[in-house]
Amino acid sequence: MYKDSKPYKWQSREQSLGYMVNWAARLFARQMDDALRPFGLMSGQLPVFFALADGEPQPQRELARLAAVEQSTMAKTLSRMERDGLVQRSPDPNDRRSMLISLTSSAAKKLPDIAAAVASINAKSHLYLSAEDSELLLNLLQRIICGLANDA
């Protein structure tokens, strides 16, 4: 028989890396969505938006790779963005089976304001961290991502 009635003693949420990272990610997404709403954009669309920010059209498969999502997820994201006038498709001159995705001119004009909104939320997230702590946290998260991605 166990000392207490629970067969397993759960770690407190504040001591669970997975819980805390997920909680921070949800807060980030919520605040990013609020900041991006006036531009007709959602946080889940940012990887596509910034991948296309340099003006170079990209095939869907490359956008999926850059955003680290499945092709089906990227297809749905691009369909919504196209519907909302943020991206456009054009034939790939090097591959007749492929389409290239680019930002519309109206979306490209929003880039500075969107970048400022994203920077504002990122700055807010570092408010209680020193520059060294911020750098360390980013480094540690990159290592965690690398470790978890290698298992996938």
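- A donor-acceptor pair is defined here as one N or O able to donate and one able to accept, closer than 3.5 Å; such a pair exists between the side chain of N150 and the backbone of C146.
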Exercise. For salt bridge (Lys or Arg N to Asp or Glu O under 4.0 Å), just list the numbers for D34 and R37, CA-CA rounded to whole Å, side-chain angles, deciding distance to a tenth of an Å, and then say yes or no.
Key: CA-CA 5 Å; D34 289 346; R37 192 169 291 113; 3.0 Å; yes
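- Expressed to the nearest 0.5 Å, how far CZ of F49 lies from CD1 of I114 amounts to 3.5 Å.
- We find that R30 and D33 are not joined by a salt bridge, their nearest charged nitrogen and carboxylate oxygen being 4.0 Å or further apart.
- Contact detail for P47 and G44: the closest heavy-atom pair is CD-O, 3.6 Å.
- A51 and L66 make their closest contact through CB-CD1, 3.8 Å (heavy atoms, listed as atom of the first residue, atom of the second, distance).
- Here the shortest heavy-atom pairing between S134 and H126 reads OG-ND1, 2.6 Å.
- In this structure, L36 CG and D113 CG are separated by 11.0 Å, a value rounded to the nearest 0.5 Å.
- Under the 4.5 Å side-chain heavy-atom criterion for Ile, Leu, Val, Met, Phe, Trp and Tyr, V87 and F50 are members of the same hydrophobic cluster.
- With hydrophobic clusters built from ILVMFWY side chains whose heavy atoms lie under 4.5 angstrom apart, L137 shares a cluster with L17.
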Self-check item: Trace of the side chain to side chain contact (heavy atoms under 4.5 Å, CB included) decision for K110 with L86
Solution: CA-CA 10 Å; K110 299 176 185 180; L86 297 170; 4.3 Å; yes
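- V48 is connected to V69 through a chain of hydrophobic side-chain contacts under 4.5 Å among Ile, Leu, Val, Met, Phe, Trp and Tyr, so both are in one cluster.
- Following chains of ILVMFWY side-chain contacts shorter than 4.5 Å, one can reach V118 starting from L111, so the two form part of one hydrophobic cluster.
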Self-check item: Intermediate values then yes/no, side chain to side chain contact (heavy atoms under 4.5 Å, CB included), N139 and R143
Solution: CA-CA 6 Å; N139 181 277; R143 289 165 51 190; 3.2 Å; yes
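- Counting heavy atoms of neighbouring residues, nucleotides and ligands inside a 6.0 Å radius, atom CD of Q71 exceeds 12 of them.
- Q45 and T77 make their closest contact through CG-CG2, 4.0 Å (heavy atoms, listed as atom of the first residue, atom of the second, distance).
- Here the CG atom belonging to D92 is positioned 9.5 Å from the CE atom belonging to M99, to the nearest 0.5 angstrom.
- Partner of I101 under the side chain to side chain contact (heavy atoms under 4.5 Å, CB included) criterion, chosen from R89, M74, Q88: R89.
- The minimum heavy-atom distance between F39 and A117, with the atom names listed, is CE1-CB, 4.2 Å.
- Taking every heavy atom of both residues into account, S43 and M32 meet most closely at CB-CB, 3.7 Å.
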Exercise. Could you walk me through whether R65 and R61 pass the side chain to side chain contact (heavy atoms under 4.5 Å, CB included) test, one step at a time?
Key: CA-CA 6 Å; R65 185 190 69 76; R61 69 183 167 279; over 6 Å; no
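- Interatomic distance, E62 CD to E56 CD, rounded to the nearest 0.5 Å: 12.0 Å.
- Grouping the Ile, Leu, Val, Met, Phe, Trp and Tyr side chains by contacts below 4.5 angstrom, directly or via other members, places V21 with L129.
- In this structure, the side chain of S120 does not engage the main chain of A116 through any donor-acceptor pair within 3.5 Å.
- A distance of 11.0 Å separates CG of N122 from CD of Q31, quoted to the nearest 0.5 Å.
- A donor-acceptor contact shorter than 3.5 Å links the side chain of D95 to the backbone of R97.
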